[in-house]
Amino acid sequence: MTIAPDKPGTEVEETPVPEGHVKLVIDGETVIAPKGELLIRTAERLGTVIPRFCDHPLLDPAGACRQCLVEVEMGGRPMPKPQASCTMTVADGMVVKTQLTSAVADKAQQGVMELLLINHPLDCPICDKGGECPLQNQALAHGRADSRFVDTKRTFPKPLPISSQVLLDRERCVLCQRCTRFSREIAGDPFIELLERGAHQQIGTAETADVLDLASRTTSGQPFQSYFSGNVIQICPVGALTSAAYRFRSRPFDLVSAPSVCEHCSSGCAERTDFRRGKVMRKLAGDDPEVNEEWICDKGRFAFRYATADDRIRRPLVRNPDTDELEEASWTDALRIAAAGLAESKDKGGVGVLPGGRLTVEDAYAYSKFARIALGTNDIDFRARPHSVEELDFLATHVVGTTPESGVTFGEIERARTVLCVAFEPEDEAPIVFLRLRKAARKNRTRVVHLGQWTTSSVRKTFGELLACAPGAEAAAIDGIAQHAQDLDQALMAEGSVILVGERAAEVPGLFSALHRLVERTGARLAWIPRRAGERGALAAGAAPTLLPGGRPVTDAAARAEIEKAWGVTLPAEPGLDTTGILESLDRGDLVGLVVGGVDPYDLPDPELALSALRNAAFVVSLELRHSAVTEHANVVLPIAPAVEKAGSYLNWEGRRREFAVTLEGTGALPDCRVLDTLAVEMDADLFTQTPAAAAADLAKLPQSSVKASFTDSGSLKEAFTDRQGNGKVLLATWRQLIDNGSLQDDEPHLKGTQREVVAKLSAKTAEGLGKTVKVSTDRGSITLPVEIADLPDGVVWLPGNSDGSAVRASLGAGHGSAVTLTGGEK
């Protein structure tokens, strides 16, 4: 934007207008603005704030509230009445007068404010929005001191539950339509709509329409069910939409706010954490245009009470050898016993390390260093989920070391011409990636193709195409693109094509090799998007059996020498065991000790093996926040800090570092890196990770890696997946839904109430004769669920991975692509 001085008697050189721009005057200032820009945006860049309610920079213009009226002249002729600046675009020669210079605009804005307040209740002292309410603020700045309205205000029964976590006070609503536009445009969940007309118009859902016996109905017949519903609470400019979890809990001016980063998925969303008296009261979306814009998912917004659950471990626990019970102990005694037990286990057979995938970069680095220096082993793996050797080779080649400058970013997804999603359900596994995909398809006509089993909500809401295949046959489908989907093949060769692959790919033999060949052949850019927040950082920190920090191969002498010189130790030269290998070795008795950091055995490929390994391990040290299946078998339990009680950083899937500071100070909780550093000292080793800052500095001191791992192609997959069907066998497709029974969602019943219906999905042909429920079973156990017909391939059943009544790993010991038995359940 250029502003040309306009003082009488001063000669000013005419400012040239660049192509694609126009020149106009706002409040006497000459402005050059891009064609198509809204007047309200141009005024904002000039520093003039025009009051508004319905306008939001990420929503389409609506002109619903009329609060942003300004006086406009075109060609020297004033328009007959004030215009809404949020819907009018700039034009060459336009003259605009805002409330600052126009009595007409000021009077119009005051009149609109008076109309908005006619039925609005005067309940600011008890309203959750009081103290941070745009209506309250603008009524003071742009409203009249007196009201001419003397009749009875409109009232409604309140609150009306839009969902278990969103409550509606209809009399407060100013009908700005922000909530309905967000649901329809951004999230793709059009379950909240305007009902009725005229003076009776109000916000509601299909369900509430029936309850209220309204004449106007929506046709979806579904309740407001969305993974992003909390955003409507935050963008509501009044107190009409409130959070059931936060309602009446606090006042805005009682809260202390701190910037933070979401710990739930690999997107690394910016958040604002509000707390009072050492307790988190709520989380809000932060403003970060490069990552999450101004949105977060409901899991990131509401799932924070796990840190204050009743089973939180506050003091170290040591197992009494006489009673076999865990008993509280001092840090000194617990660390001494843990160090002695690990040292003995190291000498007798070795110790494995399972740090889990939810660690900060600094904590993951501490685990990586602890394994190599204190325990002298490469038996460490962060992947607390199904995994493979092929996956780790692929990550070392295609993922390690990529940054927003060299790899795929959120912005690149938005600008892409074609996006192929492989073994990746974005709405469930990375919700903000899903929002970018939907925005790309909606705004930029990006072609989004999903390689999967059925038309999920992610496929529908991204206006996508389904490239259907049987679970486990994804590698063959990728290899077949050149022959059977030539238009897609050509699209992937074009500039701006992106491939997004999820962690489920590790369950499909040969898929990473097929993706490697596809990327090499087409030149498409690829991004790996894991489900957990700490996996990308753990990979970079070397918390893996074949990789040292920076992605250096363990087997490469030159790469190993760089770390040995920096750490001042000699490192083991042989690759370590992966997660499954560590557990099998413990079960056999080859390894005798184990260090575990926040791993749930029921997330692992074989939970029975994990539990057996824990039982057979001679000595187990658990660094844990709450009691779990691991602590039941641990000899020493060392409590660690949740995300809000420590500092650190996550490395998101882009490779972007997402730093955060301590939110709740003075709790006494210690980060993993501090606990491991002190434990290492007890074992006569120095990690230099006493604090997250120290760990980050130690990691940063390592030289840039001079060696890059190479990928070994496993070749085309020849296995015929249909051979595993027949004799009552079908193939299982599965992944975890965003809101399920994950431990980080515990103690939040309002969020739990919004989980999606737990059903088994089948094709119509596969479901024939099975009845209303089906039983999916293996030799480990069974799951019985209601049937829902979907467009899956015949001979395939889909189950949610960890929802009520459907814990696939724990109950079946099976995963994506496994052969299972399908029979009719109870009629």
Side-chain angles (χ1 to χ4, degrees), residues 386 388 390-391 420-426 428-429 449-459 464-485 488-489 499-515 517-518 605 714-737 759-768 770 774-778 783 785 787-801 806 808-809 812-823:
S388 68
E390 181 188 32
E391 176 195 35
L420 172 63
C421 298
V422 180
F424 176 53
E425 181 62 20
D428 281 316
E429 297 177 297
V449 182
H450 299 259
L451 178 61
Q453 283 69 57
W454 55 286
T455 304
T456 64
S457 59
S458 289
V459 179
E465 307 169 27
L466 175 66
L467 192 61
C469 70
E474 287 88 348
I478 290 293
D479 283 334
I481 286 177
Q483 181 179 357
H484 302 294
L488 175 59
D489 196 55
I499 299 172
L500 305 179
V501 57
E503 66 180 31
R504 192 163 70 253
E507 299 186 67
V508 182
L511 178 52
F512 283 111
S513 294
L515 287 169
R517 293 189 294 270
L518 181 65
S714 64
S716 298
L717 194 66
K718 302 297 184 182
E719 181 181 357
F721 292 92
T722 54
D723 291 347
R724 291 187 285 160
Q725 296 171 277
N727 297 322
K729 297 285 187 180
V730 298
L731 294 178
L732 173 65
T734 182
W735 58 79
R736 291 182 60 160
Q737 295 182 314
V759 296
K761 293 183 182 288
L762 304 165
S763 69
K765 182 177 180 180
T766 306
E768 282 181 3
L770 293 177
V774 291
K775 181 179 180 181
V776 181
S777 56
T778 65
I783 293 173
L785 292 176
V787 172
E788 185 173 294
I789 303 301
D791 58 341
L792 284 91
D794 294 335
V796 174
V797 58
W798 178 85
L799 299 177
S806 183
V808 171
R809 290 286 170 189
L812 304 181
H816 187 77
S818 298
V820 296
T821 301
L822 182 69
T823 56

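For clarity, every value in this text was computed on a predicted model and none was experimentally measured.
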- Query: Do you know which two heavy atoms are closest between Leu792 and Ser763, and how far apart they sit?
  - Reply: O-CB, 3.2 Å
- Message: Measuring only between side-chain heavy atoms, which start at C-beta, is Leu515 closer than 4.5 Å to Val422?
- Response: yes
- Between Ile478 and Leu420, is a side chain to side chain contact (heavy atoms under 4.5 Å, CB included) present by the stated rule, with each step listed? CA-CA 10 Å; Ile478 290 293; Leu420 172 63; 4.2 Å; yes
- Message: I need the minimum non-hydrogen distance between Val808 and Ala814, along with the two atoms involved.
- Response: CG1-O, 3.5 Å
- Item | For Ala475 against Ala514, the heavy-atom pair lying closest together | O-CB, 3.7 Å
- Message: If you define the side chain from C-beta out and look only at heavy atoms, does anything of Leu451 sit under 4.5 Å from Ile481?
- Response: no
- With sequence neighbours excluded, tell me which residues meet salt bridge (charged side-chain N to carboxylate O under 4.0 Å, His left out) with Glu390. none
- Find out whether Ser777 and Val820 are in side-chain contact, i.e. whether some heavy atom of one side chain is under 4.5 Å from a heavy atom of the other. no
- Not counting sequence neighbours, which residues clear side chain to side chain contact (heavy atoms under 4.5 Å, CB included) with Ala482? List them please. Asp489, Arg521
- Query: Side chains of Leu770 and Leu822: closer than 4.5 Å at any heavy-atom pair?
  - Reply: yes
- Under 4.5 Å between any side-chain heavy atoms of Val759 and Val787, yes or no? no
- Query: Taking all atoms of both residues into account, what is the closest heavy-atom pair of Leu511 and Ala423, and its distance?
  - Reply: CD2-CB, 4.2 Å
- Item | Evaluation steps, side chain to side chain contact (heavy atoms under 4.5 Å, CB included), between Ile499 and Leu518 | CA-CA 10 Å; Ile499 299 172; Leu518 181 65; 3.6 Å; yes
- What closest approach, in Å, do Cys469 and Ala477 show between heavy atoms, and which atom pair accounts for it? CB-CB, 4.1 Å
- Determine whether Leu466 and Val449 make a side-chain contact, defined as any pair of heavy atoms from C-beta on separated by less than 4.5 Å. no
- Please tell me if the side chains of Val730 and Val796 come closer than 4.5 Å, counting only heavy atoms from C-beta onward. no
- To the nearest 0.5 Å, atom NE2 of His484 lies from atom CG of Asp479 at 10.0 Å
- Item | Pairs touching residues 504-513 that satisfy salt bridge (charged side-chain N to carboxylate O under 4.0 Å, His left out), sequence neighbours left out | Glu429-Arg504, Glu507-Arg809
- Do Leu467 and Leu488 touch side chain to side chain, with heavy atoms closer than 4.5 Å? yes
- Task: To the nearest 0.5 Å, tell me how far Leu732 CG sits from Trp798 CH2.
- Result: 10.0 Å
- Query: Got a donor-acceptor contact below 3.5 angstrom from the Thr778 side chain to the Leu812 backbone?
  - Reply: yes
- Flag, side chain of Ser806 to backbone of Pro800, donor-acceptor distance under 3.5 Å: yes
- Task: Take Val508 and His816 through the side chain to side chain contact (heavy atoms under 4.5 Å, CB included) test and state the conclusion after the steps.
- Result: CA-CA 8 Å; Val508 182; His816 187 77; 4.2 Å; yes
- Task: Measure up the Trp454 and Trp735 rings against each other and bin them: parallel (under 30°), tilted (30 to 60°), perpendicular (over 60°).
- Result: parallel
- Message: Do the side chains of Asp428 and Arg736 get close enough for a salt bridge, i.e. N-O under 4.0 angstrom?
- Response: no
- Shortest non-hydrogen contact from Thr766 toward Pro793: OG1-O, 4.4 Å
- Message: Could you check whether any side-chain N or O of Ser458 sits under 3.5 Å from a backbone N or O of Glu425, counting only pairs where one atom can act as donor and the other as acceptor?
- Response: no
